[in-house]
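Data block below; observations after.
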Amino acid sequence: MAFPKFHSSSCALIKKYLTPGLYEQLAFLKTGTGFTLEAAIQSGLKNPDSHIGIYAGDAHTYSLFSAILDPIIHAYHSVEETFTHRPDIDQTNLSPLDPDKRFILSSRVRVARNLKEISFPCHITSQDRIQVEHLVSKAVQDMPGEGHYLPFTGLSPSRMQDLLCRKQTFPMGDRFQDAAGINRDFPDSRGIFSSLDKKFMIWVNEEDHLRVISMESSCDISRVFNRLCLGLDHLNTRLEFAFDKKYGFLTSCPTNIGTAMRAGVHIRLKKLEKNPSLLKHLVNQYHLQIRGTGGEKTSVEKGVFDISNKQRLGVSATQIIENLHAGITAILTAEKKL
Ligand code: ARG
């Protein structure tokens, strides 16, 4: 392939850092499972509004293509060149953020995990995808919380749609994931484990092999996080995850490496909505990010923002929860003052 031509409007980090010299050095390399730079950047090429524009096809991608991935990782996670993953994940005991329930609608914490030695979703074979589902559904059989695993294989589109409305499935990935190859064979070998109370879930074979999620309609971020920690303790004794001392947990998207954790709240901010510069200032100060009401790349409806941590690497999971708590406290103070 000739030096890739990114769209003139693209501001993706891959476009910024991929020089012809670097390209020449990397273009003919293949990971142990055969993943290439050309495959890694397809989504960035097809989607000019990509923010980073590159995916990893397996764990080896991170070391083999470090010359291009490291600068992107530094830029996205705002870490020094000497960055390293911070592994501590201790339960927290922070006070609920909004006990009168005036602003916070729900709290959610998720981590991404991929199984060791198996290609990541953009490069996985259908055989390996079946194997991932088999291993995960076996590992959750004795999970506390009386949960059950719902496989999507064989569900009709109308049944999928019905379950989607009731939030019991996840949809096919967006155009970014599609161009990366993540949606191949959807919904085969995908599924969700959920606890009886629906506060703990595991998505199987979505953007990563596992997305482990704890959520509830409350402002008690500590309780939500601690539930996630317990679920991870169970999984850690049954599954082996793709992990690197420096990069932490290895994920499809380099924005998720490190703790692979996103912790956030859905919060109604009627006043700050009309004062976007102040909200932006507070969000940046606490290393948070804003997403729309419906999640990534959606718009904010009726003043409901999804606010979560931006950094996942170089900070520990526990620190992420503490930063989020401090940031949301500051945002609530500002909202009440206005
Ligand atoms: N590839 C997309 C981009 O570069 C995804 C960014 C992060 N989101 C995600 N779901 N991994 O903008």
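Both counts, for ligands and for their atoms, begin at 1 and track the order of listing. It should be emphasised that the depicted structure is a prediction, and the values quoted were computed from it without experimental measurement.
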List every atom of ligand 1 that sits less than 4.0 Å from any heavy atom of [X], numbering the atoms from 1 in the order shown and giving each element.
{"X": "T255", "answer": "7 (C), 11 (N)"}
{"X": "C253", "answer": "7 (C), 11 (N)"}
{"X": "G53", "answer": "4 (O)"}
{"X": "Y55", "answer": "1 (N), 2 (C), 5 (C)"}

If you draw the axis of the six-membered ring of F249, does the NZ or CZ of R113 fall within 45° of it and under 6.0 Å from the ring centre?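 Yes, cation above the ring, under 6.0 Å and within 45°.
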
Do K310 and Y76 form a cation-pi contact, if we require the NZ or CZ to be under 6.0 Å from the six-membered ring centre and within 45 degrees of the ring's axis? yes

Report the C-alpha distance between R223 and E216 in whole Å, list the side-chain angles of each, state the deciding distance to 0.1 Å, and finish with yes or no for salt bridge (Lys or Arg N to Asp or Glu O under 4.0 Å). CA-CA 9 Å; R223 189 168 62 205; E216 62 183 51; 2.5 Å; yes

Are any of the N/O atoms in F176 less than 3.5 Å from those in ligand 1?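 Min N/O separation from ligand 1 is not below 3.5 Å for F176.
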
Ligand 1 versus S50: contacting region, heavy-atom distance under 4.0 Å: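 The answer is both, backbone and side chain.
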
Taking the six-membered ring for Trp, are [X] and [Y] ring centroids under 6.0 Å apart?
{"X": "H123", "Y": "Y55", "result": "no"}
{"X": "F170", "Y": "F152", "result": "yes"}
{"X": "H148", "Y": "F193", "result": "no"}

Among protein heavy atoms, which lies nearest [atom], and at what distance?
{"atom": "atom 3 (C) of ligand 1", "answer": "H51 N, 3.3 Å"}
{"atom": "atom 8 (N) of ligand 1", "answer": "E296 OE2, 2.5 Å"}
{"atom": "atom 11 (N) of ligand 1", "answer": "E207 OE2, 2.9 Å"}

Counting only heavy atoms not in F3, do more than 12 fall under 6.0 Å of its CZ?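 Yes, enclosed.
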
